[in-house]
Amino acid sequence: MLPRLKSWIVLAFMLLALYLVLWRDDTPFNSGEHPIDVLHGDSGEMKGADGAGLEVAPILDDIPLLLATTTESQSSPTPVQWQSTTVSSAAARVSTKASAVHVAPISSLRRRPSSTASTAQSASTKAAGNSIQEGSSKLQEQFQKENDALSLGETAGLIYGKTLSRLVDVGAHEGFNAAYLTATKSLTAFHDTPPYIYNPYPDYNSKSWISGNQGIYRACNGPEGQIKDWAVFSGHPKVFGYPHIGSYVPLDIDSNLCFERETRLGSYGFQDAEVLGSGNSSSRETKRSIDWDSVDWGFLQHDCLRENSNRYAEIEDDIRKTGSSLVSMNSSSVSNSTAILRRLEKVNDTLSDDGTDASAGEADNNDSGPALHGMPELIVTPRSRTAVLIRTHSNQTYTENDKQNIRSLITELCLRSGAEYQVFLLVQAKDDNLPNSTDSAAYHKILQASVPAEFQNMTVLWSDAQMKELYPLIPPEVNNVHQSQWLSVQKFAQDYPKFDHYFNWEFDTRFTGHHYNLLEKLATFAKAQPRKGLWERNERYYIPSFHDRFSTFRLAVQKISGEDTIWGPPPTPGVSPMGPKSPDPKDHHWGVAEDADYISLAPMFNPVNTSWVGKNDVWGYDGLNTPRRATIGTQSRCSKRLLDTMHAENLRGNHVSSEMTPQTVALLHGFKAVFAPIPMFLDRDWSGESLEKFFNPGPKGESGSTVESPFSWGRESRFAGSTWYYRANPPMRLYNNWLGWEDSGIGGPEWEKSHGRMCLPAMLLHPIKNVVEPAAGFSSKSDLPY
């Protein structure tokens with residue numbers, strides 16, 4: 001080959017490589033965005049002029065958004081001007097009190113309410129006089145007027161009754177989320193488009209996985225042997241394209257999937273029917289019924305941990321050979337354990353006759369190829385482990401759906417992942433005579449009367465009396481599950497210390513998507529957050545139709561906060577911070593790649609100056625002068641060191657009520673705490689400006705720090721139409737319909753014959769209580785307790 005031709009070929013390859021590198025920086029692969037969200041103008045990340053403290057490059061649809069906010073110049077702005085203009089305008093919008101004139105929100109490409117709804121909302125806003133400055137007591141009155149006006153508009157109730165028959169963006173999957181999906185050719189009996197098999201787990205045992213992970217992954221068995229991934233449908237109902245509050249994009253959760261009840265819960269006992277049929281036939285093969293009472297989920301989790309123990313730094317001792325459980329020797333019967341042992345013999349099939357690991361060769365078989373040239377060498381580390389504590393009490397009645405939900409948590413989080421998570425039932429015994437010894441006859445009697453047989457071997461009982469004995473300096477009148485809920489979690493962390501994190505999971509929570517995908521995405525998002533401006537971001541809702549991209553939101557909050565930010569623990573008498581020493585305030589990268597000590601699913605607001613009922617629940621510390629934060633709802637993740645510190649403070653008599661405990665201790669000790677902006681939908685299509693006004697009414701756009709906080713007494717009705725709050729109407733109604741039941745005139749067999757099978761995107765729902773099929777004509781309602 002001629003030398004000149006060789007030179008041209010080399011040059012061509014260099015240009016191609018350069019193009020791929022530059023192109024990669026502008027794609028969803030780098031920003032963590034789903035491509036559908038990019039096309040629709042959803043949140044991404046962008047870099048500042050100096051790159052400090054910012055995350056990901058801007059995306060092209062910033063241009064029309066910015067043009068909509070200024071008419072001063074028709075010339076094309078430079079990238080630096082794009083950033084400056086966007087952040088400045090967003091910062092002006094973050095605070096409703098920062099200027100006498102409230103800056104209008106960006107003309108959003110994300111959500112377009114109907115003209116009828118917009119007109120009705122504008123009329124009600126005008127009628128209310130938009131007079132927030134005239135008196136804070138006007139704000140709730142204004143909310144009610146706008147809420148009533150929207151109830152008469154075309155968008156009222158649009159989140160209900162969405163089915164598989166009208167999905168949009170079907171087949172549009174790109175990037176890493178697309179790798180989770182495997183197309184099938186099998187049709188279901190209830191939809192004319194084949195689903196995908198959904199596998200959101202890492203590519204275990206591939207060379208790329210082994211290069212950064214200690215040990216070898218070994219598949220675990222479920223009640224019937226090998227665990228099969230379940231199916232999901234591509235696309236989403238149009239109304240669920242973009243959440244009103246929060247976003248799928250910063251969390252990198254695929255918003256373009258729709259989950260249906262049989263494919264989602266069929267493996268866990270729902271209807272005991274085979275999901276996939278043949279052709280368009282409505283017939284289904286009857287699935288062999290599992291005797292769930294003979295299943296021992298505690299044993300299954302243990303065996304899975306034993307098989308994968310090489311992946312973890314330290315695990316609890318395996319005392320299975322003694323016939324006892326790892327948890328608390330709760331085995332309900334010898335025959336039950338023996339049956340499970342026989343069924344689990346398949347787990348050992350991966351061991352060869354000489355005892356060596358026959359699965360070691362899987363690394364080569366599943367090879368995904370060598371790392372890209374120039375990529376940094378990965379450090380091999382043991383995998384962290386998380387305990388998931390499902391909170392309930394000894395008087396709980398377990399519906400079939402409750403049991404199916406628990407089975408799904410165990411299977412998806414523990415068994416399928418090779419024991420990266422372990423699920424427990426943390427049960428409050430209402431009988432204060434609960435013995436401390438877990439192997440006593442009295443303990444077993446309470447256990448067997450309180451918990452279904454299949455879950456008894458993964459259950460830990462506790463009582464208020466035990467907590468009063470353990471924490472004698474906490475006033476007895478507040479040492480109860482309502483004001484001191486975290487005490488039992490702290491004790492659990494002392495008794496079972498070999499977990500890195502502990503997830504407090506409320507019994508009345510449901511997630512329509514995949515549990516492993518959710519918890520991994522929450523952890524990854526939290527780990528990526530810089531500490532710069534973190535506490536200020538934590539105390540407000542992220543509202544995409546108002547704040548625009550998450551990067552814009554982050555920078556706007558940083559700008560509106562100015563120098564008035566939390567950088568390290570605030571000095572508090574009697575508190576010696578246990579967290580890391582804070583660096584120079586100019587360090588915009590501090591905290592990036594640091595695991596969060598606390599992850600909440602709602603804002604960590606400042607309760608001072610609100611009328612939230614628990615704002616003064618402080619004992620010890622510096623009294624009411626103690627800096628503190630609160631979160632409504634305790635569904636959250638704590639690190640071991642945070643729980644250890646909470647335990648130590650309580651032993652000293654320092655205490656705050658349940659919904660302030662981990663947040664306040666994290667604040668006072670300089671730990672990393674992150675509010676993950678989970679997607680929340682509302683039952684009417686509010687404008688971004690109104691959502692900001694009613695849900696972030698603080699002096700600088702916070703959700704707290706004012707009597708008009710949505711968490712204040714008399715203002716919580718703002719959440720009545722949301723999918724995530726301790727009192728809200730949509731969660732139960734959506735879930736009943738999703739299960740195929742009639743609720744509020746929608747759903748049920750006859751309704752679905754005409755409209756199709758209900759489906760929902762990946763969505764957290766709370767509260768979900770007493771899940772049984774309602775009577776005809778039933779309408780769900782979840783009223784506030786006042």
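Here the structure is a predicted model, which means the values were calculated and not measured.
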Please tell me if the side chains of [X] and [Y] come closer than 4.5 Å, counting only heavy atoms from C-beta onward.
X: M732; Y: I768; result: yes
X: L734; Y: M763; result: yes
X: V170; Y: F233; result: no
X: L181; Y: L257; result: yes
X: M458; Y: L300; result: no
X: R311; Y: Y204; result: yes
X: P677; Y: F553; result: no
X: Y248; Y: D254; result: no

Heavy-atom pair with the smallest gap, counting every atom of [X] and [Y]:
X: A676; Y: F525; answer: CA-CE2, 3.9 Å
X: G215; Y: W209; answer: O-CZ3, 3.6 Å
X: L251; Y: I678; answer: CD1-CA, 4.0 Å
X: N256; Y: A172; answer: ND2-O, 3.0 Å
X: M758; Y: E260; answer: O-CG, 3.9 Å
X: A231; Y: T263; answer: O-CB, 3.4 Å

Under a 3.5 Å cutoff, is there a donor and acceptor pairing between the side chains of [X] and [Y]?
X: T184; Y: S186; value: no
X: R383; Y: N308; value: no
X: Y735; Y: N401; value: yes
X: N736; Y: D743; value: yes
X: E520; Y: Y421; value: yes
X: Y268; Y: E412; value: yes

Please identify each residue that fulfils ring pair (Phe, Tyr, Trp, His ring centres under 6.0 Å) with [X], with sequence neighbours left out.
X: F507; result: Y398
X: W741; result: none
X: Y598; result: none

May I ask you to decide if [Y]'s main-chain N or O and [X]'s side chain share a donor-acceptor pair within less than 3.5 Å?
X: S782; Y: R727; answer: no
X: K228; Y: S267; answer: no
X: D203; Y: S206; answer: no
X: D683; Y: G157; answer: no
X: Y312; Y: A419; answer: yes
X: W751; Y: N737; answer: no
X: T411; Y: S408; answer: no
X: K672; Y: K527; answer: yes
X: Y725; Y: G633; answer: no
X: T723; Y: P731; answer: no

- Please list, chain by chain and in numerical order, all residues satisfying side-chain hydrogen bond (donor to acceptor under 3.5 Å, both in side chains) with E594, sequence neighbours excluded.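 E594 satisfies side-chain hydrogen bond (donor to acceptor under 3.5 Å, both in side chains) with R531 once adjacent residues are dropped.
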- Task: Applying side-chain hydrogen bond (donor to acceptor under 3.5 Å, both in side chains), name anything that partners Q214, two or more places apart in sequence or on another chain.
- Result: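 If we apply the side-chain hydrogen bond (donor to acceptor under 3.5 Å, both in side chains) test to Q214, skipping adjacent residues, there are no hits.
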- With side chain to side chain contact (heavy atoms under 4.5 Å, CB included) as the test, would you mind laying out the steps for T188 and R757 before giving the verdict? CA-CA 11 Å; T188 63; R757 179 68 64 92; over 6 Å; no
- Message: Q635 and side chain to side chain donor-acceptor pair (under 3.5 Å): which single residue from T509, N504, D508 fits?
- Response: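 Result for side chain to side chain donor-acceptor pair (under 3.5 Å) with Q635: T509.
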- Message: Using the rule given for side chain to side chain contact (heavy atoms under 4.5 Å, CB included), can you reason through W505 versus L519, listing the C-alpha separation, both sets of side-chain angles and the distance that settles it, and then say yes or no?
- Response: CA-CA 11 Å; W505 193 275; L519 267 59; 3.7 Å; yes
- Charged N to carboxylate O below 4.0 Å: is that the case for R391 and E506?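 No.
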- Query: Does the cation-pi check pass for R733 over Y160, that is, NZ or CZ under 6.0 Å from the six-membered ring centre and within 45° of its axis?
  - Reply: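 Judged by the rule (NZ or CZ under 6.0 Å from the ring centre, within 45° of its axis), R733 counts as positioned above Y160.
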- Message: Taking the cut-offs as 6.0 angstrom to the six-membered ring centre and 45 degrees off its axis, would you call R416 and Y201 a cation-pi pair?
- Response: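 Yes.
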- On the 0 to 90° scale, with breaks at 30° and 60°, tag the Y541-F675 ring pair as parallel, tilted or perpendicular.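 Geometry flag for F675 against Y541: perpendicular rings.
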- Message: Run the salt bridge (Lys or Arg N to Asp or Glu O under 4.0 Å) test on D402 and K769 for me, step by step, so that the C-alpha distance in whole Å, both residues' side-chain angles and the decisive distance to 0.1 Å come before the verdict.
- Response: CA-CA 9 Å; D402 292 333; K769 298 179 182 292; over 6 Å; no
- Task: Could you note down all residue pairs passing disulfide (SG to SG under 2.5 Å) where residues 240-271 supplies at least one of them, sequence neighbours left out?
- Result: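 Qualifying pairs, neighbours excluded: C258-C759.
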- Item | pair check: C414 + C220, SG-SG < 2.5 Å |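 Cystine link not detected, SG atoms outside the 2.5 Å cut.
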- Message: Here's a test for you: under side-chain contact (heavy atoms from CB on, under 4.5 Å), which of L167, L158, V168 qualifies with K238?
- Response: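 With K238 as partner, side-chain contact (heavy atoms from CB on, under 4.5 Å) holds for just one option, V168.
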- Item | L643 and F492: CA distance, side-chain angles, deciding distance, side chain to side chain contact (heavy atoms under 4.5 Å, CB included) verdict | CA-CA 10 Å; L643 288 172; F492 182 95; over 6 Å; no
